[in-house]
Amino acid sequence: MREELDPFKESQEQLDHAAELMGLDKAAHAILREPMRELEMNMPVKMHNGATKVFKGFRIQYNNARGPTKGGIRFHPQETKSTVKALAAWMTWKCALADIPYGGAKGGIICDPKSLKPDDLEALSRAYVRSLGDFIGPKVDIPAPDVYTTPQDMAWMMDEYSKIVGHNEFGVITGKPLEVGGSEGRFDSTAMGGMYVLREAAKMKRINLRNAKVAVQGFGNAGNFAFNLATRMFGAKVVAVSDSNGGAYSAKGLDWQRLADAKAKTGSVSNCKSAERITNEELLEMDVDILIPSAIENQITEQNADKINARIVLELANGPVTPAADEILFQRGVLDLPDFLVNSGGVIVSYFEWVQNIQSFYWTEDDVYKRLDAIITKAFSDVMRTQREYKDKGKKISPRMAAYIVAVGRVATAMKIRGWY
Ligand code: GLU
């Protein structure tokens, strides 16, 4: 029932729209419409049972005008090159909007991590790094976790890279465990950054977050922590949550611990006994103050955008709202805050991790959160200011377009100064 979407075309459409609004130079536009480098690898992996299996992987390095490319690696059975390309473009805008000194990249391996044994995951992680060779490195391209990849996977990848170069190189990858060069605060940084954005947005919309009704789609690296933090930091009431198997609802508010237990025991939050079972579709259309899509792409589309009842949509996932849906939400007056602003906390703290690795000087959790707050709050106000400036010129643009204009403008300026056009 959902329309077939090509994520990369979608990301190009968004760029085209921004380029038109901001009067972007034609050459800069042409450079930014395509990735700088596309790597596609076929990787033989010796599995725990002795058989050799060949996996396909990608690494897309989109643009490095502002610094080394940066972005996560996804392990996903339905991974496509188009998705990875779109995500690499979004990383470029994300790092530029946060104003951290990176370009953008993304990686992916077509595999089903849930069915792989730890030994096979290790072998696959190491094979991926070997196949990338010196196309990655702390000054070249710095991967990190993303959908279905973990700090342990990052540790194996860092170890493999360190073996290749002959010395420890913690700064080659971020999102590592604390014991091997990870940063305090990285594990919940995506959600924490989203909470700082939510705090600012609620102030602007005059919404009291205490007891505000929240629905969270997803219970992974982002959604799980968003649920917990929204309750702890603001006293918000999370009434609905879901994962890929379905959702749970309680008008009184859900208990995080019970859901985490249900997930650990049965594999899904939808099996939580003290809550009502709902579908992912129902969750998205729920009558709440805040909707936090924290799972995967293309969840709010032309088909359901007019049924979204939330006042604020906080896009903690990458690409959960399609361009057409974005326009519908904007026309309806729903404040839809774009992914590459809302979820930039992950890469911002990755940046801190890389800085700490390079200096071998480690910060406290408090240092990390304070600096994260300052950077992401500035990004939020840059977006809102740009939206207002366009409004004053008679052009009504969505927060996503305002964010694009800020980010693309920064990348284009760097390319211009470097003499690329
Ligand atoms: N995967 C995260 C993202 O999409 C983090 C990337 C990073 O830390 O490099 O932003």
Side-chain angles (χ1 to χ4, degrees), residues 7 11 58-64 66-76 79 83-109 132 136-151 153-155 157-158 170-177 181-183 185-194 197 218 220-223 225-226 293-297 314-320 337-357 368 371-372 375-376 379 403 407:
S11 79
F58 310 100
R59 184 77 184 164
I60 308 292
Q61 297 170 342
Y62 203 83
N63 184 288
N64 67 356
R66 290 173 40 89
T69 51
K70 182 88 189 81
I73 300 166
R74 314 188 339 150
F75 285 175
H76 205 279
E79 192 61 279
T83 311
V84 182
K85 281 165 75 170
L87 289 160
W90 289 327
M91 281 311 301
T92 311
W93 317 137
K94 193 182 296 189
C95 294
L97 180 63
D99 213 0
I100 54 177
Y102 289 138
K106 204 79 172 198
I109 301 179
L132 283 170
I136 58 169
K139 292 183 180 164
V140 183
D141 179 21
I142 307 134
D146 201 276
V147 173
Y148 294 141
T149 46
T150 62
D153 301 330
M154 300 304 111
M157 292 189 190
M158 176 278 291
F170 287 172
V172 66
I173 209 158
T174 58
K176 301 178 295 295
S183 175
R186 177 65 180 84
F187 72 103
D188 66 354
S189 54
T190 305
M192 186 62 95
V197 173
N221 281 341
F225 294 115
S294 320
I296 49 168
E297 311 87 57
L314 191 75
E315 296 183 19
L316 208 54
N318 283 314
L337 293 161
D339 48 4
F340 65 98
L341 165 67
V342 172
N343 71 26
S344 60
V347 72
I348 293 169
V349 177
S350 273
Y351 164 51
F352 299 159
E353 180 175 333
W354 176 79
V355 167
Q356 292 170 77
N357 292 155
V368 168
R371 288 179 198 260
L372 167 61
I375 289 185
I376 207 162

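Both counts, for ligands and for their atoms, begin at 1 and track the order of listing. Fair warning: this is a prediction, and the values are worked out from it, not measured in the lab. Computation of the quantities below employed the complete heavy-atom set of this structure, encompassing side-chain atoms and omitting hydrogens, waters and symmetry-equivalent molecules.
- Near Lys70, meaning under 4.0 Å from one of its heavy atoms, ligand 1 places the atoms 7 (C), 8 (O), 9 (O).
- Under a 4.0 Å heavy-atom criterion, Pro145 is in contact with ligand 1.
- Salt bridge present: Arg74 and Glu297 bring a charged side-chain N and a carboxylate O closer than 4.0 Å.
- By the 4.0 Å N-to-carboxylate-O rule, Asp141 lies close enough to Arg59 to be salt-bridged with it.
- Nearest to atom 8 (O) of ligand 1 among the protein's heavy atoms is Ser350 OG, 2.5 Å.
- With Arg74, Met154, Lys106 as candidates, the residue nearest to atom 4 (O) of ligand 1 on a non-hydrogen basis is Lys106.
- Residue Met91 has at least one heavy-atom neighbour below 4.0 Å for each of these atoms of ligand 1: 3 (C), 4 (O), 6 (C), 10 (O).
- Every atom of ligand 1 with a heavy atom of Arg186 under 4.0 Å away is listed here by number and element: 5 (C), 8 (O).
- The distance from atom CZ of Phe187 to atom CE of Met192, rounded to the nearest 0.5 Å, is 8.0 Å.
- Ile173 CD1 to Glu353 CD: the interatomic distance, rounded to the nearest 0.5 Å, is 9.5 Å.
- None of Ile100, Leu341, Asn318 except one satisfies the side chain to side chain contact (heavy atoms under 4.5 Å, CB included) rule with Lys94; the exception is Asn318.
- The N/O atoms of Asn343, backbone and side chain alike, include none that comes under 3.5 Å of an N/O atom in ligand 1.
- Applying the 4.0 Å criterion to heavy atoms of Asn318 picks out, from ligand 1, the atoms 4 (O).
- Listed by number with element, the atoms of ligand 1 under 4.0 angstrom from any heavy atom of Gly71 are 9 (O).
- No heavy atom of Glu353 sits closer than 4.0 Å to any atom of ligand 1.
- Among protein heavy atoms, the minimum distance from atom 7 (C) of ligand 1 is reached at Ala144 CB, 3.3 Å.
- When only non-hydrogen protein atoms are considered, atom 3 (C) of ligand 1 lies nearest to Lys94 NZ, 3.3 Å.
- Heavy-atom separations between Gly175 and ligand 1 are all 4.0 Å or longer.
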